[in-house]
Amino acid sequence: MLKRLLSCVGKYKWAAILAPVTIIFEVLLETTIPLYISDIIDTGINGGAGVGYVLQVGGKMVLMALLSMLCGVLAAKFAAVAGTGFACNVRNRVFQKIQDFSFANIDRFSTPSLITRLTTDVNTVQMAFTSSIRMMVRAPIMLIMATYMAVRINAKLSVIFLFAIPILGGSLAIITKHAMPRFKAMFEKYDKLNASIQEMLIAIRVVKAFVRGDHEIEKFEVSAADVQNAQKRAEKLVILNSPIMQFCMYGCMIAVSWFGGMHILNGTMTTGLLMSFISYITQILSSLMMVSFMFIMVVMASTSIKRINEVLDELPDITDENADPALQVADGSIEFDHVYFSYAKRADNLTLTDIDFRIEPGETVGILGGTGSAKSTLVQLIPRLYDVFEGSVKVGGHDVRDYKIENLRENVAMVLQVNNLFAGSIKENLRWGKADATDEEIEAAARAAQAHDFIMSFPDGYDTMLEQGGVNVSGGQKQRLCIARALIKKPKIIILDDSTSAVDVATDAKIRQALQEGLADTTTLIIAQRISSIAGADKIIVMEDGCISAMGTHEELLETSEIYRDVYESQQKGVE
């Protein structure tokens, strides 16, 4: 589990190696300094060597302390470089993995949870990694060196540490066992908190329009309190580690002071050696404190590592490993061959049932149906946003699963029901359809989508900056920009999923006319609620409860389809 993430160190491996190397030199220098303390006391002061000797030995101590500090600074720098680089690579790997997810994979995790894993979880792992390459080297080496030096000074006094080890080891084992499930629950609460924030920010205009700010504040406070309680529950267990360490530390100090004083009185130990011994005790106990701190970091990081690996281990529902990379979409023909589909991947929970029809290249097809009739689900199978449960969808005469996903989607433009624009200029947003589009191509697509006039009404024209989600343009303007973004691809198939619902009838008619004139060879599928938007289509599909209720031209359906006729008559009455 950890090995996979460590491979993300990549080109920062040199820094991850230099950090512990400089730490080793720092520890060696630190563990040498206490020897000079005993020399100053026993020889320089008690031995009568004089001030000159004290200054000479003290100068060596200062030099070694400065060298130790330099090594510590370098170690901190190398660890920071390695840690930030490691975190960057982990985020990139997780983000790239998410890019391969189908809609079903994203639904399984939820967007807020994925955001938490990319931010909070990666930050936790980064802190643990940065601390590990310093403390996990420093602590054991200092423990070994300081213990060795302490044993050299007085082996009998060193036995005191044997009593502290079982207490520390046992307490750490118990805390670890019970803390990990609590940290897992804490991160789940983080997911819910992020979900609450995301939902509120996306729908901030709705919140303000309905004066529901107080309700959202209450909801947020509940989520924040849940996170707080989960944190308290997890951390009140691991903080027990600190008083246990303090108890062992001060207990050892008291015992050493007592028995060391006895040795001095008996003449078996000098004052300088006892001071050096106490210094080594301090180093030993501080190294144990580092181990304790690292233990807390590892407990927290292990939960985050598991959550990150869950994303990396997730198998995308849709892959093109067996696809033919040379296969290209020949034309815009579409064929549904007895297609069944289920979001739950269960035969007893079908969303689409026995869908069977063919669309010739260049045809315009309208799709009509009530809410929940699976119109959007139907068209999302064409660019393989989802895979069929049974049957097959063919584009250009080949099963969509035979194409590389990139090759298929490059030839299918889709304006989704939810129109998303990105922070940046209008021109940058339109170039999502074609990265190297010229200004002339951008303007032509905008004119076809009836967007050019309102774009030019802005002071900066096509260089007008859009805020995140395009919130500074109206719903109708957003729809037309999304249509222009799709048109600029000049695809073989274009799907308009209720994408003119926010524009007036006259503008809708102009967009359809532009599509017929500019994309005569492009197969066009239009999902619409207004019959006027699809009345001129070559064929119209009427959906009901995930099935095709009727199919034909506008005139044929008026005679044969009761659903279509009822919708038409109700809309005609509304016009009258």
Side-chain angles (χ1 to χ4, degrees), residues 1-20 76-134 136 183-184 187-188 190-191 193-195 197-198 201-202 297-298 300-321 323 325 384-385 404-407 409-410 420-424 428-429 431-432 435-436 468-469:
M1 189 165 66
L2 180 60
K3 185 178 179 181
R4 171 189 284 176
L5 292 188
L6 287 178
S7 65
C8 293
V9 176
K11 65 180 181 180
Y12 301 99
K13 189 179 295 182
W14 63 270
I17 294 172
L18 287 174
K77 178 183 177 181
F78 292 136
V81 171
T84 53
F86 166 74
C88 179
N89 290 341
V90 171
R91 282 197 181 92
N92 285 335
R93 182 175 292 187
V94 175
F95 188 78
Q96 289 168 11
K97 181 72 174 185
I98 293 171
Q99 291 297 306
D100 293 332
F101 282 0
S102 68
F103 286 5
N105 293 115
I106 293 173
D107 293 342
R108 195 170 301 133
F109 282 98
S110 83
T111 302
S113 178
L114 291 173
I115 292 173
T116 305
R117 292 166 203 249
L118 274 167
T119 52
T120 306
D121 286 315
V122 174
N123 286 341
T124 302
V125 175
Q126 176 188 346
M127 289 174 59
F129 175 78
T130 304
S131 300
S132 295
I133 58 178
R134 294 180 63 192
M136 281 203 171
F183 278 108
K184 181 180 179 181
F187 283 115
E188 289 173 354
Y190 267 121
D191 290 345
L193 178 67
N194 282 344
I197 296 170
Q198 182 188 38
L201 292 176
I202 290 174
M297 291 297 301
V298 167
M300 292 182 64
S302 60
T303 303
S304 292
I305 290 170
K306 184 177 179 181
R307 284 164 53 84
I308 292 170
N309 276 315
E310 284 175 354
V311 177
L312 297 176
D313 289 335
E314 177 77 3
L315 296 176
D317 279 12
I318 297 175
T319 62
D320 55 7
E321 295 176 356
R384 245 192 121 191
L385 299 179
K404 296 294 287 184
I405 292 176
E406 184 177 354
N407 292 345
R409 292 178 183 169
E410 279 294 331
N420 286 317
L421 295 171
F422 299 88
E428 289 170 344
N429 270 272
R431 281 199 172 119
W432 270 67
D436 58 351
Q468 185 178 12

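Every heavy atom of this structure was used, including side-chain atoms; hydrogens, water molecules and symmetry mates were not.
- Minimum heavy-atom separation, Ala16 to Ala82: N-CB, 3.7 Å.
- One finds a salt bridge joining Arg108 and Asp317 here, because a Lys/Arg side-chain nitrogen approaches an Asp/Glu carboxylate oxygen to under 4.0 Å.
- Side-chain atoms of Arg409 do not come within 3.5 Å of backbone N or O of Lys404 as any donor-acceptor pair.
- At distances below 3.5 Å, not a single donor-acceptor pair connects side-chain atoms of Ser131 with backbone N or O atoms of Ala128.
- Between Ile133 and Ala79, the closest heavy-atom pair is CD1-CA, 3.6 Å.
- Side-chain contact check for Arg117 and Ser113: at least one donor-acceptor pair (N or O, by modelled atom type) lies under 3.5 Å.
- By the 4.5 Å heavy-atom criterion applied to side chains, Cys8 and Arg93 are counted as neighbours.
- Looking at every heavy atom in both residues, Val311 comes nearest to Ile98 through CG1-CG1, 4.1 Å.
- For Gly424 against Asn429, the heavy-atom pair with the smallest separation is O-ND2, 3.9 Å.
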Q: With side chain to side chain contact (heavy atoms under 4.5 Å, CB included) as the test, would you mind laying out the steps for Glu314 and Phe109 before giving the verdict?
A: CA-CA 10 Å; Glu314 177 77 3; Phe109 282 98; 3.7 Å; yes
Q: Evaluate the criterion side chain to side chain contact (heavy atoms under 4.5 Å, CB included) for residue pair Asn89 and Val9; output intermediate values, then yes/no.
A: CA-CA 7 Å; Asn89 290 341; Val9 176; over 6 Å; no
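- Proximity of Asp121 to Thr116: side-chain heavy atoms (C-beta onward) are separated by under 4.5 Å at one or more points.
- Looking at every heavy atom in both residues, Phe101 comes nearest to Ile106 through CB-CG1, 3.9 Å.
- Residues Asn105 and Ser102 are in side-chain contact: their nearest non-hydrogen atoms beyond the backbone lie under 4.5 Å apart.
- Taking the six-membered ring for Trp and thresholds of 30 and 60 degrees, Phe129 and Phe86 have nearly parallel ring planes, at less than 30 degrees apart.
- Note that CZ of Arg307 is 13.0 Å distant from CG of Leu312, once rounded to the nearest 0.5 Å.
- With rounding to the nearest 0.5 Å, the separation of CG in Asp320 from CG in Asp100 is 8.5 Å.
- Here the closest non-hydrogen pair linking Ala87 and Gln126 is CB-OE1, 3.3 Å.
- Atom CD of Glu406 sits in a sparse spot, with 12 or fewer heavy atoms from other residues, nucleotides or ligands closer than 6.0 Å.
- Counting non-hydrogen atoms of other residues, nucleotides and ligands closer than 6.0 Å to CZ of Phe422 gives a total above 12.
- Between the side chains of Asn123 and Thr120, not a single donor N or O lies within less than 3.5 Å of an accepting N or O.
- Taken to the nearest 0.5 Å, the CH2 atom of Trp432 stands 9.5 Å off from the CG atom of Asn420.
- Under the 4.5 Å side-chain criterion, counting only non-hydrogen atoms from C-beta, Pro316 is in contact with Lys97.
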